[in-house]
Amino acid sequence: MPERPDLTGPLLAWFDAHARDLPWRAADRTGWGVLVSEVMLQQTPVARVLPVWQEWMRRWPRPSDLAAAGPGEAVRAWGRLGYPRRALRLVAAAEVIRDEHGDEVPADAETLRALPGIGEYTAAAVAAFAFGRREVVVDTNVRRVEARAVSGPALPAPSYSAAERRLATELLPADRERSVRWNAATMELGALVCTARAPRCGECPLQDRCAWVAAGSPPHDGPPRRGQRWEGTDRQARGRIVQALRETDGTLTREQALAASGAPEPQAERCLLGLLTDGLVEQDEAGGFTLPQ
DNA sequence: CACCCGTGGCC
DNA sequence: TGGCCAAGGGT
């Protein structure tokens with residue numbers, strides 16, 4: 001096993017000086033606040049999450065508060081964060097936490113992992129950042145930082161591999177408190193400095209020991225990363241229907257809902273049915289369409 | 001494993 | 001201008 005340059009020292013020092021002052025990192029943070037932040041941050045930038053998270057914490061400071069509010073209010077308060085099924089899953093997770101965990105967010109990753117909407121990353125992140133556990137936390141930032149600093153490519157492979165998991169495990173400091181800071185620091189470096197496009201290598205604490213920089217910062221040479229098309233997709237049509245329901249106090253007729261989708265038949269109908277299946281939309285006794293009750 | 005699921009900002 | 005990207009998860 002070849003010796004690797006020490007990344008921990010410079011990374012933790014950089015984090016001490018540059019960490020953002022985010023509310024879910026505050027000293028008075030709660031497990032619930034951290035869990036909600038992690039779910040909101042899935043595929044969604046910090047700047048967009050901040051105001052919605054503040055509002056959620058004000059209205060629903062405990063899991064039981066959200067569970068009592070119900071999925072419709074959650075989807076409405078989700079606003080335009082995207083992927084509103086996350087709001088549904090947070091309500092479902094809140095119900096489990098209230099009913100099976102005494103309204104307290106579990107502290108261990110395995111129990112967290114069993115909650116709706118909590119996958120490997122989020123379970124590890126909540127256990128580490130809310131409860132100080134030593135966990136291997138690997139998100140897109142960690143993958144990119146470790147790929148560049150240790151392995152050398154401009155960008156990691158499209159899918160998370162066992163080798164990456166192994167590397168992340170090896171790099172994680174043995175000391176529990178340092179491991180928590182390491183996880184946060186690596187994510188922060190990826191978010192602020194070691195970004196996907198136009199990384200600020202001049203500001204990077206790992207600059208003098210980065211494998212990618214040592215190789216001359218070669219451009220990404222792997223297969224082109226397939227972009228997500230948008231115009232005309234079901235996701236666009238579904239998003240328009242849910243947004244129309246969010247903006248309405250009452251219900252939408254079938255005709256109104258289909259029109260809101262902006263999609264032609266049979267796509268519009270398919271999307272409306274899909275939303276019903278997913279529980280993002282319900283039909284009342286009169287046949288009108290609403291957010292879930 | 002491949003694909004689906006929203007949204008908006010940026011280079 | 002538009003492809004690319006953002007603290008992923010579920011199926």
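Letters A, B, ... are given to chains in the order of the sequence lines, protein chains preceding strands, and every chain is numbered from 1. In what follows, every heavy atom counts, from backbone to side chain, and hydrogens, waters and symmetry copies are set aside.
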Taking the side chain as every heavy atom from C-beta outward, state whether A/L280 and A/P292 have any pair of such atoms under 4.5 Å apart. no
Is any side-chain heavy atom of A/R80 closer than 4.5 Å to one of A/V52?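 No - every pair of side-chain heavy atoms lies 4.5 Å or more apart.
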Nearest-Å distance, [atom1] ([X]) to [atom2] ([N])?
X      : N      : atom1 : atom2 : result
A/L41  : C/dG8  : CG    : P     : 8 Å
A/E38  : C/dA6  : CD    : C1'   : 13 Å
A/R48  : B/dG6  : CZ    : P     : 14 Å
A/D278 : B/dC4  : CG    : P     : 14 Å
A/R270 : B/dC5  : CZ    : C1'   : 14 Å
A/E164 : C/dG8  : CD    : P     : 14 Å
A/R200 : B/dC10 : CZ    : P     : 12 Å
A/H220 : C/dC4  : NE2   : P     : 10 Å

Can you check the distance between [N] and [M], where both ends of the measurement are the [atom1] atom (answer in whole Å)?
N      : M     : atom1 : result
B/dG6  : C/dC4 : C1'   : 15 Å
B/dC11 : C/dA7 : P     : 15 Å
B/dG9  : C/dG9 : C1'   : 24 Å

Do any side-chain nitrogens or oxygens of [X] fall under 4.0 Å of OP1 or OP2 in [N]?
X      : N     : value
A/Q42  : C/dA7 : no
A/T195 : C/dC5 : no
A/R229 : C/dG2 : no

[X] near the nucleic acid: base, sugar-phosphate alone, or nothing, with a heavy-atom cut-off under 4.0 Å?
X      : result
A/S37  : nothing
A/T140 : sugar-phosphate
A/A196 : sugar-phosphate
A/A198 : nothing
A/L81  : base
A/R25  : base

So with a 6.0 Å cut-off around CZ of A/R20, is the heavy-atom count from everything else above 12? yes
Taking atom CD of A/E177 as the centre, does the number of heavy atoms from other residues, nucleotides or ligands within less than 6.0 Å exceed 12? no
Using a strict threshold of under 4.0 Å (side-chain N to carboxylate O), is an ion pair present between [Y] and [X]?
X      : Y      : value
A/R181 : A/E188 : no
A/R62  : A/E104 : no
A/R76  : A/E73  : yes
A/R58  : A/E55  : yes

What residues from residues 230-255 of chain A pass a heavy-atom cutoff of under 4.0 Å to DNA chain B?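 Residues of residues 230-255 of chain A under 4.0 Å from DNA chain B: A/W230, A/D234, A/R235, A/R238, A/G239, A/R246.
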Using a heavy-atom distance cut-off of less than 4.0 Å, which residues of residues 82-96 of chain A contact DNA chain B?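 Listed by number, they are A/G82, A/Y83, A/P84, A/R85.
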Centre-to-centre under 6.0 Å for A/W56 and A/W78, is that the case here?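 Centroid distance A/W56-A/W78: below 6.0 Å, so yes.
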Toward the 5' end of DNA chain C, which comes first, A/L155 or A/R113, by nearest nucleotide?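 Its nearest nucleotide lies further toward 5', so the answer is A/L155.
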Could you check whether any side-chain N or O of A/R86 sits under 3.5 Å from a backbone N or O of A/V39, counting only pairs where one atom can act as donor and the other as acceptor?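 The answer is yes, because a donor-acceptor pair under 3.5 Å joins these two groups.
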Residues 258-279 of chain A vs side chain to side chain donor-acceptor pair (under 3.5 Å), sequence neighbours excluded, gives A/D234-A/Q267, A/D234-A/R270, A/R238-A/D278, A/R254-A/E269
Proximity to the side chain of A/W24 - top-ranked nucleotide from B/dG9, C/dG10, C/dA7: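 Nearest listed nucleotide: C/dA7.
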No-H, no-angle donor-acceptor pair, A/R197 side chain to C/dC5 base, under 3.5 Å: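 Looking at the base of C/dC5, it does not pair with any donor or acceptor on the side chain of A/R197 (distance under 3.5 Å).
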